[in-house]
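What you see below is based on every heavy atom in this structure, not just the backbone, and it leaves out hydrogens, waters and symmetry mates. Throughout, a chain's letter reflects where its sequence line sits, starting with A, and its residues are numbered from 1.
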There are 2 protein chains.
Amino acid sequence: MNAVELAHQHVLAALLNGDLRPGQWIRQDDLAAELGISKVPVREALQRLTAEGLVTFETNRGSAVRSLTAADAEEIYALRLAIEPMLLERSIANLSIVDLASAGLALTSTGSSIGEANWHFHRALYAGAHWDRAVTLVGRLHAAVAPYVVLYTQELGGSSASDKQHRKLLKLCQAAKTQRAVDLLRQHLEEASAALVASLRPPAADSTS
Amino acid sequence: MNAVELAHQHVLAALLNGDLRPGQWIRQDDLAAELGISKVPVREALQRLTAEGLVTFETNRGSAVRSLTAADAEEIYALRLAIEPMLLERSIANLSIVDLASAGLALTSTGSSIGEANWHFHRALYAGAHWDRAVTLVGRLHAAVAPYVVLYTQELGGSSASDKQHRKLLKLCQAAKTQRAVDLLRQHLEEASAALVASLRPPAADSTS
DNA sequence: CATCATATAATCGTATCTGATTCTGCTATT
DNA sequence: AATAGCAGAATCAGATACGATTATATGATG
């Protein structure tokens, strides 16, 4: 594997499993030392992550995990709602046994973190669409919200509601009930959106009312 | 401006106005020499462009303008159809005089290339949505198809059909006729999709000639 | 004609250096 | 006590040089 890919995947994994918090600085020297590589590929990886919308890159200040406002979260979930149902609808009929097994495995996996398992599940269900660009794109939207989702999921002691929806969604996909599966996915995303937006709103409490 | 940004914008502009053809190699040394910078920021810019889906990056081989298959084009336009009507619908009511003027200017501009003018027009109409992520994303989809659109537009001696739709779309936006504008945009994109896909279907893509 | 060896060119990554910018903690002044 | 200013530390941006790796083209050999 490339040094660039190594650094890229390292940061990505850290975002998905909550090791990196929103706004946290990512020092080039530290990351390079940690991975045993030089600064050049680290900077390249950070540029990629910046283009992916996961990291900020301020000149002469460095990189940090990109923070989100409530408006950002609304936009991200609007995009996910525009793309993911389309992907699932296109995918279901072509899902292979392996895809469905991967999705099932992601639900029971104990090895990876919540964020990673969550994404592996969704990605497996979209595999049948054979639209790699779109899946990659959705993956970035997922990673962009992951640092926040991990935070408030930990607060609530794990989200069993989302988990339940996932199991039901998998069953609908296995049964090839396209319309019901797409509807459930939409609902799933809308609820996730509402939860994240709500958790981001509080700082905007006004004193005038 | 950054050396990285310089290189990034240079390549992006070259893609939009047809100076770079699909599959064409982008040599790090050449680009660095041309811009009077070193290879390091050039590589960083290429990594960003790769993450944006505009360029390929093969280990030990280098970067090239990303080529598209007909299936790729279908996917890209499916994404555009999923996002851009949503953006326009959200935007129209909030379009400022300046936004509308920018859009109008893009239609009559003689300074920039077809690809750039085209994108400036669409971007201006989406400004009212205040969804920067989505607009950036659509811009990348636009840039991804630009090298091909420029090619077959030149073959046909300029596309007056697309131009006509643009003018009508602008009028509808000025009159705030949201539904009709969104419908026209959808039609506009579907026709552009069909044209590009058709031009990609005959496997006559030969990059060496 | 097919295959192997070699030469060339390009990339990948490291190390090191310089300059510029930003951050931090201390001091002095009001 | 609070703030302004300043020196030093930390960090980043970028250039350059070097060796290693890999791909491609050329040519020799059977």
> Rounded to the nearest 0.5 Å, what separation is found between the CG atom of A:L15 and the OG atom of A:S113?
Replying inline: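 Going from CG on A:L15 over to OG on A:S113, the span is 10.5 Å.
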
Quick check against the 3.5 Å criterion: does [X] have a side-chain atom that pairs as donor or acceptor with the backbone of [Y]?
X	Y	value
A:E75	B:A134	yes
A:E74	A:V197	no
B:N17	B:A13	yes

From the list [options], which nucleotide is the closest neighbour of the side chain of [X]?
X	options	result
A:A3	D:dC12, C:dG13, D:dA15	C:dG13
B:R27	C:dG13, C:dT14, C:dA10	C:dA10
A:V4	D:dC12, C:dG13, D:dA15	C:dG13

> According to a strict under-4.0 Å criterion, is B:N2 in side-chain N/O contact with OP1 or OP2 of D:dG14?
Replying inline: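 True: B:N2 side-chain N/O within range (under 4.0 Å) of D:dG14 OP1/OP2.
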
Whole-Å gap separating [atom2] ([N]) and [atom1] ([X]):
X	N	atom1	atom2	answer
B:L31	C:dA10	CG	P	14 Å
B:Q28	D:dA23	CD	P	15 Å
B:D29	C:dA9	CG	P	12 Å
B:I26	C:dT11	CD1	P	11 Å
A:K39	C:dT18	NZ	P	14 Å
A:L6	C:dT14	CG	C1'	15 Å
B:I37	C:dG19	CD1	P	20 Å

>> Tell me which pairs pass ring pair (Phe, Tyr, Trp, His ring centres under 6.0 Å) where either residue lies in residues 10-65 of chain B, with sequence neighbours left out.
In response: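 Applying ring pair (Phe, Tyr, Trp, His ring centres under 6.0 Å) to every pair that reaches into residues 10-65 of chain B, excluding sequence neighbours, yields nothing.
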
> Near DNA chain D, under 4.0 Å by heavy atom, which residues of residues 44-60 of chain B?
Replying inline: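 Result for residues 44-60 of chain B: B:N60, sorted by number.
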
> For DNA chain D, whose closest nucleotide is more 5', that of A:G62 or that of A:V40?
Replying inline: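 Its nearest nucleotide being more 5', the pick is A:G62.
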
>> Measuring only between side-chain heavy atoms, which start at C-beta, is B:R133 closer than 4.5 Å to A:I76?
In response: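 Result yes, sub-4.5 Å side-chain heavy-atom pair found.
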
>> Here's a test of your reading of the structure: between A:R61 and A:S38, which maps to the more 5' nucleotide of DNA chain C?
In response: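 Here A:S38 is the residue nearer the 5' end.
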
> Is the count of non-hydrogen atoms from other residues, nucleotides or ligands lying under 6.0 Å from A:I114 atom CD1 greater than 12?
Replying inline: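 Not more than 12 within 6.0 Å, no.
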
